[in-house]
Trainee: 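Starting off with a structure, shown below.
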Amino acid sequence: MKERLTNKIRRLRFDHGEMTQQQLAERVGVTRQTIIALEAGRYTPSLTLALRIARTFGAAVEEVFLFEDGCSRPD
């Protein structure tokens, strides 16, 4: 079973005034290429970066990043 981290960054950017990748990058202190890689699922952010991104959108980290481990949750 493979673990995977997905995110809603692209959706959140558009929900927040159609924020560009460059604008988000500047707000969180990374390059646009980092945002591109995050959105494509090719890069896992540090905890600090994940927190900065979530704070930018006024959301909890769990609302931006989703951890999929292939296991179903017990009721």
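It should be emphasised that the depicted structure is a prediction, and the values quoted were computed from it without experimental measurement.
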Trainee: To the nearest 0.5 angstrom, please state how far the CG atom of Leu66 sits from the CG atom of Leu5.
Mentor: 8.0 Å
Trainee: Given Arg13, which partner from the list Gln23, Glu18, Glu39 fulfils the side chain to side chain donor-acceptor pair (under 3.5 Å) test?
Mentor: Glu39
Trainee: Would Phe14 end up clustered with Leu24 when hydrophobic side chains under 4.5 Å apart are linked, directly or stepwise?
Mentor: no
Trainee: Rounded to the nearest 0.5 Å, how far apart are CD of Gln21 and CZ of Arg32?
Mentor: 5.0 Å
Trainee: Could you go through the side-chain contact (heavy atoms from CB on, under 4.5 Å) check for Phe57 and Asp15 one step at a time?
Mentor: CA-CA 9 Å; Phe57 295 125; Asp15 290 347; over 6 Å; no
Trainee: CZ/Arg27 to CD/Gln22 distance, rounded to the nearest 0.5 angstrom?
Mentor: 11.5 Å
Trainee: Please find the pair of heavy atoms, one from Val64 and one from Ile53, that lie closest to each other, and give the distance.
Mentor: CG1-CG2, 4.0 Å
Trainee: Might you point out which heavy atoms bring Thr56 and Met19 nearest each other, and give the distance in Å?
Mentor: CG2-CE, 4.2 Å
Trainee: To the nearest 0.5 Å, tell me how far Ile9 CD1 sits from Ile36 CD1.
Mentor: 12.0 Å
Trainee: Within the side chain of Arg52, is there an N or O that forms a donor-acceptor pair under 3.5 Å with the backbone of Val28?
Mentor: yes
Trainee: So do the side chains of Leu49 and Leu38 get within less than 4.5 Å of each other, counting heavy atoms only?
Mentor: yes
